[in-house]
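Notes for the one structure printed next.
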Amino acid sequence: MTPDARVYAYSAVLMGSPILLKLFEHNEGLASRVFRLIKQQENIFTVNRHDSEVMAVNHAAGSHAVVVSQPVFNLIRCAKTVSESPDSSFNFTIGPLVKRWKIGFSGNSVPDSDDLRALLPLTHSHDVVLDESTRSVFLQKAGMEIDLGAIAKGYIADVVRDFLKQEKVENALINLGGNVQTLGAGGEGGWAIGLKTPFSAPDALIGVINVNGKSVVTSGIYERYFECDGRRYHHILDPKTGYPLDNELFSVTVISDDSIDGDIYTTLLYGMGVEKSLRYLRDIPDIEAIFVTKDQQVIFSSQRQFSFTLLDNAFRPVY
Ligand code: AMP
Ligand code: MG
């Protein structure tokens, strides 16, 4: 894994995350166009500012339908379908709970259980009405809020990949704060993407995943969390209870062609836990997952589209 001298890295902070672009040529102009594209996308989808296309929908909750652009409509339709799949713990109407916890933002606190219970009725994805003919979105209850945080980075990573392809770039890697998409092999052995050691130094790795033209997305409970009275509260919430999802997992990594699938499945599989996920993935050969458990196992659903090198022997690979 010697660093490739031909690789040029460009970085920025966007969407509240460090963004890294790797190219096989020195091309600052292209890098700035990529960062501009990401910024444009962020401006459309963010719910962390007062104004965006998605916030326009949220502001109109309980009042009226809002016409949105085709990409926003498509992403909302996709998020609604995933949210309504059987036993899904993915819920794109989780906004009121996310805003109440403020995990990863200043002012976070453990809400009263009564507060959380009162917010749950505002998190039903069936109360989102989509009208294809007018491309409009209506949140039927006042106080409802869409949050695309579990899907938007994946979608944007694919937008960047498609843009680079269009620019005839053959080898590139874009990392949107843990959401990686790649073009080409990036050198001998494929692009190397680190699997982080949970709650350790930022550069501590359990191992390295090598891919060629695939997406690698990780959802982990160490990404955003806070501690209160000796307990850790992380950012993936259980839509049934309103509390952080609690199971045997530190993280789920998904390897797939499209990063939007990786982003959706990491959140879905996190909610399912290891056993159920492994059964579920048997029927979906294009989606492969790596589970890191709290008892230090690294469990692979299958390994067709990537190779893995273990670096930290405190973890035990299970194939
Ligand atoms: P990810 O980084 O893909 O795991 O997504 C986490 C982000 O998605 C959080 O920061 C929230 O904005 C949002 N979120 C939290 N819990 C859920 C959930 N159960 N379903 C969908 N989105 C969620
Ligand atoms: Mg996700």
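When a ligand or atom number is given, it counts from 1 through the structure's own listing order. Remember, it's a predicted structure, so these values are computed and weren't measured experimentally.
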How close does the nearest protein non-hydrogen atom get to atom 12 (O) of ligand 1, and which residue and atom is it?
Asp147 OD2, 2.9 Å

Just jot down the ligand 1 atoms closer than 4.0 angstrom to any heavy atom of Leu237, in number order.
15 (C), 16 (N), 18 (C), 19 (N)

With atoms numbered from 1 as shown, which atoms in ligand 1 lie under 4.0 angstrom from a non-hydrogen atom of Phe90?
20 (N)

Where the Mg ion (ligand 2) is the corner point, what angle links OD1 of Asp263 with OG1 of Thr267, to 10°?
170°

Please determine whether Ile264 has a backbone or side-chain N, O or S atom lying under 2.8 Å from the Mg ion (ligand 2).
no

For Glu248 and Thr293, test the side chains for any donor-to-acceptor distance below 3.5 angstrom and give the result as yes or no.
no

Shortest protein heavy-atom distance from atom 18 (C) of ligand 1, along with the residue and atom involved
Ser89 O, 3.7 Å

Ranked by distance from atom 3 (O) of ligand 1, the top protein heavy atom is Asp263 OD1, 2.9 Å

Could you list the atoms of ligand 1 found under 4.0 angstrom from a heavy atom of Thr267?
3 (O), 4 (O)

Checking the side chain of Thr123 only, and the main-chain atoms of Leu120 only, is there a donor and an acceptor separated by less than 3.5 Å?
yes

Suppose we measure from atom 2 (O) of ligand 1 to each protein heavy atom; which comes out shortest, and what is that distance?
His235 NE2, 3.7 Å

Taking Arg161 first and then Asp258, would you say they form a salt bridge - that is, a charged N and a carboxylate O separated by under 4.0 Å?
yes

Ligand 1 versus Arg224, non-hydrogen atoms closer than 4.0 Å: side chain, backbone, both, neither?
side chain

N/O to N/O below 3.5 Å, does that happen between Ser219 and ligand 1?
yes

Which residue, Ile206, Ile221, Leu249, forms the side chain to side chain contact (heavy atoms under 4.5 Å, CB included) with Pro198?
Ile206

Please determine if Ile94 has a nitrogen or oxygen closer than 3.5 Å to a nitrogen or oxygen of ligand 1.
no

Proximal atoms of ligand 1 relative to Asn91 (non-hydrogen, under 4.0 Å)
18 (C), 20 (N), 21 (C), 22 (N)

Ranked by distance from atom 22 (N) of ligand 1, the top protein heavy atom is Ala150 CB, 3.3 Å

Would Ser17 and Lys153 count as having a side-chain donor-acceptor pair, cut-off 3.5 Å?
yes

For Ser83, which part has a heavy atom under 4.0 Å from ligand 1: side chain, backbone, both, or neither?
neither

Rounded to the nearest 0.5 Å, the CD1 atom of Ile103 sits from the CZ atom of Arg100 at a distance of 11.0 Å

Looking only at heavy atoms, which two atoms of Leu281 and Ala289 are closest? And how far apart?
CD1-CB, 3.6 Å

Nearest-0.5 Å distance, CG of residue Asn48 to CG of residue Asp147:
7.5 Å

I'd like to know if Glu223 and Lys196 make a salt bridge, using a cut-off of under 4.0 Å between side-chain N and carboxylate O.
no

Please indicate whether Asp87 has more than 12 foreign heavy atoms, meaning atoms of other residues, nucleotides or ligands, lying under 6.0 Å from its CG.
no

For ligand 1 and Asp238, I'd like to know whether there is a polar contact (N/O to N/O, distance under 3.5 Å).
no

